[in-house]
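Heads up, the thing below is written out as structure tokens.
Computed over heavy atoms, backbone and side chain alike; hydrogens, waters and symmetry mates excluded. Please read all numbers here as calculations on a predicted model, not as lab measurements.
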Amino acid sequence: MDHPRQPSLRHFDHCPWLFADEATEEQRAVQREVQRAVQRAVGGDTGIGERCYVAESAAVFPDRLRLGDDSYIAAHAYVTGELTTGSHCTLNPFTTVRGNVVLGDGVRIGAHTSLLGFNHSMAPDRPVFRQPLTSRGIRVGDDVWIGSHVIVVDDVTIGDHCVIGAGAVVTRDLPAWSVAAGNPARVLRDRREARGAGAVDPAEAEAATAAASGTGIRPDGDRRAADRPGTGIVPEPETVPRGSLAVFTDTARAQVGELLDRCWDGERYIDRPGAAPTVRAHCDAVEITDLLLGAVPEHLSAEEHIERLSGLQDPGSGLVPEFGEPRPVAEADGFVGQGPALYHVLCVGYALDLLGPGLPHPVRGAHDMTTRQLLVRLQALPWRTAAWGAGAWVDSLATAAHWNLRHGKGGDEGHGTVEALFGWLLTRVDPWSGMWGSPSVEEGRLQVVNGYYRLTRGSFAQFGLPVTYPERVVDTVLDHARDARHFGPGRENACNVLDVAHPLWLCTRQLGRAGDGYRSGEIRGWAERQLAAVLPRWQDGRGFGFGPGAAGPGPGPGLQGTEMWLAIVWYLADLLGRSDELGYRPRGIHRPEAARQGIGDPD
């Protein structure tokens, strides 16, 4: 059938891919008004990218909408809840997207497909329609093609480059490059295998459906994980043998001297050969030696370590600049907003704490800041765009308050700043995620989860106070830990793994560590896999690298990577109830015990 010479708006609603090239200026003006109407209806928490199209006939009523560039929502689609898409994503006619759904770049969703990122409870004590709703969310990676009439249920992650055949019902995670079909969907093959031009062979799809329909039993006779009570995860065999943790510690202890010699330039500590000396490198050396040997690095005496680190603190501001840099310039409220001085509050403070005396001077910005100044600063932090930076700032301020409490007078001249900090955090936490900040199309929940670790480390964990909504935190963190962009093979770095391990550990302690603890099977499974992957990365005489890519100091082994991974290994082992096998326990920045109990006066 020939198309009309000039397509109508109704035509574009059903074929939105034609709009960018064929629409008149009048039709573009109408589309701009449709998008403005959607944004007005959603409110401030919405964003529609460049060259997008939203069909006027679509029912788009989300609580939150982030539509990436060159994406469209076609005719009669139904969108509610929280939808975030990357660029070049398409919701074809009659698509349903509900609950919490995040799509990567280049996701194609066929007509009449439903992504249902929520669920009803089914307790027998009341009718289903009166049951509370739950939402763990659906995550779809980059370059994914989901065929027509597919159903994807809540708490499913679909990896990058997957293809899902028409009519499939996806009830469990699919690894990257999967070609899947059937009810329930199962992986038929790896997309990288050469099988001709067709996405899914009809015979394969039919076999998948026949093999799995009705019984919920896989061809190998094992019951599907989705049918198991509790976590929905098939228990995995132990992959870290008994005795291996003690062997790891013995190896690290025997080689710590060689590692530190490698990172000593004759005058100061460097992260790795060829790097410039840094304040953090000195602190990392102190932390590593204390952790493994219960001693101080032998390049200096204990008194010389104390003298050097204490002498770095500016007596007026209480801040520590980087080597060769001028004293940090405080902002109007007396504290800094960014830069290495923020982290030096943590690392220099805890290094001196391990050495004995602690910081010699109070941190004036935290000492003098009024409640009003604090609230203005907290409100201005980039929670939506850079939650990690916001959380790091809170970590630094709260840690400064902790050190100041040791100097007496409540640490803040009676302003009540610490109380105001916790009050603000408790009233601004998102009950949906248990966290602060918002996910993004580009990074998913990376900023939110990493910011949560930094924020709670310095505040709730350091002051011995319980976090709020721990179940939702676990949900959010486990969801993030399935994001292949950050936890795919070869992509884990120390920051990202620590920022999952610590929140899981913190919330597990609140929720109970017994076998029936909240999602304990999934937590243990994740910890087991991570621990099995981490231990072989130790490089003899050189320690751990931070991780692949350009983040942090990079893949080369050094002091920062070693200090962080040693702490991570402990937390992973403790999640498995096996930390005693290591024979060490963090006492510095990553200490599991609270540094103080509550927000009162000195210890």
Side-chain angles (χ1 to χ4, degrees), residues 1-115 117 138-150 152 160 384-385 438-444:
M1 178 184 294
D2 293 334
H3 293 303
R5 187 174 298 275
Q6 176 55 55
S8 65
L9 287 173
R10 182 171 177 271
H11 186 91
F12 288 133
D13 272 10
H14 288 80
C15 305
W17 55 88
L18 302 175
F19 183 82
D21 295 330
E22 300 182 18
T24 65
E25 186 53 43
E26 180 181 1
Q27 290 169 330
R28 296 179 196 278
V30 172
Q31 173 58 201
R32 287 193 290 271
E33 182 53 40
V34 170
Q35 293 185 21
R36 282 194 291 269
V38 170
Q39 291 177 304
R40 286 194 298 269
V42 177
D45 204 8
T46 184
I48 298 177
E50 299 293 329
R51 300 172 301 280
C52 288
Y53 187 89
V54 179
E56 190 170 7
S57 61
V60 182
F61 306 120
D63 300 316
R64 183 178 188 275
L65 176 66
R66 290 285 189 273
L67 200 61
D69 295 342
D70 301 291
S71 298
Y72 62 74
I73 300 175
H76 305 292
Y78 178 31
V79 179
T80 66
E82 299 183 6
L83 172 63
T84 301
T85 83
S87 60
H88 298 279
C89 289
T90 62
L91 278 64
N92 277 295
F94 299 96
T95 297
T96 295
V97 178
R98 304 191 65 194
N100 189 322
V101 177
V102 176
L103 310 179
D105 296 327
V107 177
R108 291 295 193 265
I109 301 176
H112 298 277
T113 283
S114 296
L115 275 60
I138 294 170
R139 300 295 178 267
V140 180
D142 299 334
D143 179 35
V144 173
W145 176 16
I146 302 176
S148 297
H149 292 278
V150 171
V152 182
D160 296 342
R384 288 194 179 278
T385 58
S438 303
S440 70
V441 171
E442 296 77 17
E443 297 182 298

Looking at [Y], is its backbone amide N or carbonyl O close enough to the side chain of [X] to form a donor-acceptor pair, meaning the two atoms are under 3.5 Å apart?
X      : Y      : value
Thr95  : Ala111 : no
Asp160 : Asp142 : yes
Gln31  : Val54  : yes
Asp105 : Ser87  : yes
Thr113 : Val150 : yes
Gln35  : Cys52  : yes

Glu443 atom CD: more than 12 heavy-atom contacts under 6.0 Å: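 Atom CD in Glu443 is packed in, count exceeds 12.
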Residue Arg36 excluded, over 12 heavy atoms near CZ under 6.0 Å: yes
Rounded to the nearest 0.5 Å, how far apart are [atom1] of [X] and [atom2] of [Y]?
X     : Y     : atom1 : atom2 : value
Arg51 : Tyr72 : CZ    : OH    : 15.0 Å
Thr80 : Leu65 : OG1   : CG    : 11.5 Å
Thr46 : Leu67 : OG1   : CG    : 8.5 Å
Asp69 : Glu50 : CG    : CD    : 6.0 Å

Pair Arg66 + Glu442, salt bridge at N-O below 4.0 Å: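 Between Glu442 and Arg66 there is no salt bridge, as every charged N stays at least 4.0 Å from the carboxylate O atoms.
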Between [X] and [Y], what is the shortest heavy-atom contact and its length?
X      : Y     : value
Ala74  : Ala55 : C-CB, 3.5 Å
Ser438 : Arg64 : CB-NH2, 3.7 Å
Ser71  : Gly86 : OG-O, 3.2 Å

Ser148 side chain reached by His112 side chain, heavy atoms, under 4.5 Å: no
Student check: side-chain heavy atoms of Leu91 and Leu103 closer than 4.5 Å: yes
Side chain to side chain contact (heavy atoms under 4.5 Å, CB included), paired with Leu83, selected from Val97, Val60, Asp63: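 In the set Val97, Val60, Asp63, the residue that makes a side chain to side chain contact (heavy atoms under 4.5 Å, CB included) with Leu83 is Val97.
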Stepwise salt bridge (charged side-chain N to carboxylate O under 4.0 Å, His left out) test for Arg32 and Glu25: CA-CA 10 Å; Arg32 287 193 290 271; Glu25 186 53 43; 3.0 Å; yes
Arg28 charged N/C atom sitting above Phe19 aromatic ring, 6.0 Å / 45°: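 Judged by the rule (NZ or CZ under 6.0 Å from the ring centre, within 45° of its axis), Arg28 counts as positioned above Phe19.
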